[in-house]
There are 2 protein chains.
Amino acid sequence: MSSAQPLYARLKDHVMNRIRAGDWKAGRRVPSENELVQRFGVSRMTANRALRELTADGYLDRVPGVGTFVRARAQQSSLIELRNIADEIAARGGKHAARMVVKEKTPTTPALARQFELSKPSKLDHVVLVHEENGVPVQIEDRYVNPAVAPDFLRQNFTKITPTAFLLAAVPVEELEHSVSAIQPSREQRRLLKMQDGEPCLALHRRSWSGGRVVTSVTLIYPGRRSALYSRYRTSANGTLSH
Amino acid sequence: MSSAQPLYARLKDHVMNRIRAGDWKAGRRVPSENELVQRFGVSRMTANRALRELTADGYLDRVPGVGTFVRARAQQSSLIELRNIADEIAARGGKHAARMVVKEKTPTTPALARQFELSKPSKLDHVVLVHEENGVPVQIEDRYVNPAVAPDFLRQNFTKITPTAFLLAAVPVEELEHSVSAIQPSREQRRLLKMQDGEPCLALHRRSWSGGRVVTSVTLIYPGRRSALYSRYRTSANGTLSH
DNA sequence: AAGTGGTCTAGACCACCAG
DNA sequence: TGGTGGTCTAGACCACTTT
C-alpha cells in the first residue's frame, strides 16, 4: 500500500504531524533542507518545495542564512476556518459542553430545497444545539444536513462529538460558502444565549459542498458583545494577499 | 534598473497583467509551460512554478493533459479582501459616492497609542466618511492613519480617491488584522446610515502593518440588514483549506 | 568557513488527453 | 503520437548569517 502521494507532500505531512503532535513547538527550528535531503533521500528541490509551501500555508517562518522555524501563532488566514468549536475552546483552556435543543428529521421547505439545491422535495436532518464555555453559552448552532451525503448524522451523540467534528471526519469538503450579518436575536435565541434585551448578535451562515452536493447548511449565532471572528495574517511576497 | 525580481515572479506578473488588462478572459487558455520556456528562455521548472503558484492563488485552473486556463470567478478565498469599496460597487454596476464627515489631525489617546503600538504620544490623521451606493449609505468608514508612514494622507480628496485606494497605492501592506462584531449603532451612526431604530450593525475592524509599523486602524460599519461579508471558495488538494 | 535559504537549470519519467 | 501538466533529480550560483 505504498502511498501514491508525491514526495514533497509526504515531507509536508511529516513536518505537520510533528507540529500537530506538539513535538515541535512554536519557535523551534525544523530540519533544514539539507537535513531533509539526508534523512529522506530526496533532492534539495523537493525538500525546498515542502518547506516553502508550508511557509506559504502559514505554518513556518524561514530566515535566509539562519533556518526554518515553527511559526508562533499559526497563521489564521481566513477569517473563518472550518474549526471545531470544542477544539477552539480547549485551545483557550476552557471547558466545552453542548446542550441539545432540537434533533429531528424535517421535510424541505421551498427555501431549504433552494439552499440544498434539491429539485425534488425530500427530508433533511435538523439539529439545534447550544455550545457552552465554562458553563456560559457562547454559540447557537442551527444546522441542516443532507442525509443522502452523511447518512449516519442523526445517530451521533452531539454532546460527545460536535456536528462539525463528525462531518469533517465523515465527508470531504470541497467547497465552502460563508456570509456574515448582524441580527437582532429572537426571544428564543436570547433565552438560549442568556442575553440582555437589545443586544445584537453576529450570525455566520455556512454551506459546504462535497461531490457537487450540498452537505450542510448551518447558522451559527454569537452574542455580539465580544468579537467572534478574528484573523491576522501576512501578505505574500508578490503583493497579493496570502490566503 | 534590471529588476531584482526572480524569474518565476516575473512570469507570474506577466500572466496576471494580461488577465487584469482583460486580454485573457475567463476560460481562455494561457501559454503552456513549454511555450513559456520557449518565449522567455527559462527552464520548465521555473515556468511550472509560476503557473502552479497562480493556480494556488486562485487565478488559474490546470487540467493535466489539456492545459491551463483562466479561472472563471477569481477565487475569493478570504471573507475579507483588502478591496476598494468604490471598485466593489462599480463591479455590481452601482454608482459610488463618498461624503466627508470628519477630516482632522488628532492627538493620540492611550487607546489609540496602544492600537498603533506607539510608545510616545503623537498625532494621528483621522477621517470619517460615509460611502453611498446609488445614493443609499452603505458604509461608515472611521479611519486613523499614522502620518509617519503615509505622510500625504490628509492632503487627498477622499471624494475622488477612497482612503483604501490611496493607502493601497502608497504603502505596501505586509500584515493585516481583522475582527468582526455586531453592535448597536449610536444615534449618530444611525443617522449617517439612515437606519431604523433597533436595527443592529456589523462592525469590521482592521489594522494593517508596513515595515513593522501600524499604518492604519479603521472601523467599517455596515447596516446589518443585509450581509456585508461573503466568500465562497474551494479547498485545496491536500485537504487543508485554501487561503 | 560553513551552513542556511532562494533560485535556476537541463534533463528525466510518468499519467493523462487529444486527434 | 504528440502535447499537457505533475513530479523529481543532481547539480549549480548567490546572498546572507553565524561561528
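Every chain is numbered from 1 and lettered A, B, ... according to where its sequence line falls, protein lines coming before strand lines. All values reported here derive from a predicted model rather than from experimental measurement. Values below: all heavy atoms of this structure, side chains included; hydrogens, waters and symmetry mates excluded.
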List the steps and the verdict of side-chain hydrogen bond (donor to acceptor under 3.5 Å, both in side chains) for B/Ser217 and B/His205.
-> CA-CA 7 Å; B/Ser217 168; B/His205 186 249; 3.0 Å; yes
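C/dG6 atom P lies 11 Å from atom CG of A/Leu60, rounded to whole Å. Summarising the geometry, the separation between CZ on B/Arg52 and C1' on D/dC8 is reported as 12 Å, rounded to the nearest angstrom. In this structure, CZ of A/Arg29 is placed 12 Å from P of C/dG3, rounded to the nearest angstrom. In this structure, B/Leu51 atom CG and D/dG5 atom C1' are separated by 10 Å, rounded to whole Å. Distance B/Glu53 CD to D/dG6 P: 13 Å, rounded to the nearest Å. A/Arg10 places its CZ atom 12 Å from the C1' atom of D/dT7, with the value rounded to the nearest Å. Distance, B/Asn48 CG to C/dC8 P: 13 Å, rounded to whole Å. The nearest whole Å value for the distance from the CZ atom in B/Phe69 to the P atom in D/dT4 is 11 Å.
The pair B/Arg155-B/Asp152 meets the salt-bridge criterion, since a charged nitrogen lies less than 4.0 angstrom from a carboxylate oxygen. Of the charged side-chain nitrogens involved, none lies within less than 4.0 Å of a carboxylate oxygen, so that A/Glu177 and A/Arg206 do not count as a salt-bridged pair. A salt bridge is defined here as a Lys NZ or Arg NE, NH1 or NH2 lying under 4.0 Å from an Asp or Glu carboxylate O, and A/Glu33 with A/Arg62 meets this definition.
In summary, the side chains of B/Thr216 and B/Arg143 do present a donor paired with an acceptor at a separation below 3.5 Å, with no hydrogens or angles considered.
Applying the 4.0 Å criterion to OP1 and OP2 of D/dG5, one finds that B/Thr68 has a side-chain N or O inside that range. Side-chain N/O atoms of B/Arg62 include none lying less than 4.0 angstrom from OP1 or OP2 on D/dT4. Close to C/dC8, at under 4.0 Å from its OP1 or OP2, lies no side-chain N or O of B/Tyr8.
Nucleic acid contact class of B/Leu7 (heavy atoms, under 4.0 Å, all strands): sugar-phosphate only.
Residues A/Met16 and A/Leu54 meet the side-chain proximity criterion, which asks for heavy atoms closer than 4.5 Å.
The side chain to side chain contact (heavy atoms under 4.5 Å, CB included) search around A/Ala9 returns A/Gln5, A/Pro6, not counting sequence neighbours.
For B/Phe69 and B/Tyr59, the ring centers sit 6.0 Å or farther from each other. Remark: aromatic rings of B/Phe158 and B/Phe153 are close, center separation under 6.0 Å.
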All N/O pairs under 3.5 Å across the protein-nucleotides 10-17 of chain D interface:
| unit_1 | atom_1 | unit_2 | atom_2 | d |
| --- | --- | --- | --- | --- |
| D/dA12 | N6 | A/Arg44 | NH1 | 3.1 |

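Of the residues in residues 30-38 of chain B, none lies under 4.0 Å from DNA chain C by heavy-atom distance.
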